[in-house]
Amino acid sequence: MRGLGGGCDVDDPRDSDVAQDATGRLQNTACEAYTILRPAGPIFIGGEVRRIDTRYFGSTFTNHDLNLSVGFEF
C-alpha cells in the first residue's frame, strides 16, 4: 500500500499592514510533497520534501526540508 500527497499555501498580507523595514515579511510560500510506503506487515517508510520561501523588503529567504521516517505499527 502507498500513500502520496502534497500541497502549497501562500500567506500574503496587505503591504500596508507590514512594517516598512527589513523585518517586514511581505509573503510566505510553502509547498510540500510526501509519500508513505508499507512494504510488508506493520512496517512503514515515509518521506517528505518541503520548501518555504519568505519574502522581505529587498530579499527572499528560502528553506528546504527533507524528512525521512521508518516506523512499526502494532
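All values reported here derive from a predicted model rather than from experimental measurement.
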Answer yes if Ile43 and Phe74 sit in the same cluster of Ile, Leu, Val, Met, Phe, Trp and Tyr residues linked by side chain heavy atoms under 4.5 Å apart, and no otherwise. yes
How long is the span from the CG atom in Asp9 to the CG atom in Asn28, to the nearest 0.5 Å? 9.5 Å
For Pro39 versus Ile45, what's the shortest heavy-atom pair and its separation? CG-CD1, 4.2 Å
Backbone N/O of Thr54 and side chain of Thr60: donor-acceptor pair under 3.5 Å: no
Looking only at heavy atoms, the pair that brings Ile52 and Ala30 closest together is CG1-CB, 4.2 Å
Identify, with sequence neighbours excluded, every residue that meets salt bridge (charged side-chain N to carboxylate O under 4.0 Å, His left out) alongside Asp11. none
What I'd like to find out is whether the side chain of Asp65 reaches to under 4.5 Å of the side chain of Glu48, using heavy atoms alone. no
If you look at every heavy atom in Phe61 and Tyr56, which pair is closest and at what distance? CB-CE1, 4.2 Å
Salt bridge present between Arg55 and Asp53 (N-O < 4.0 angstrom): no
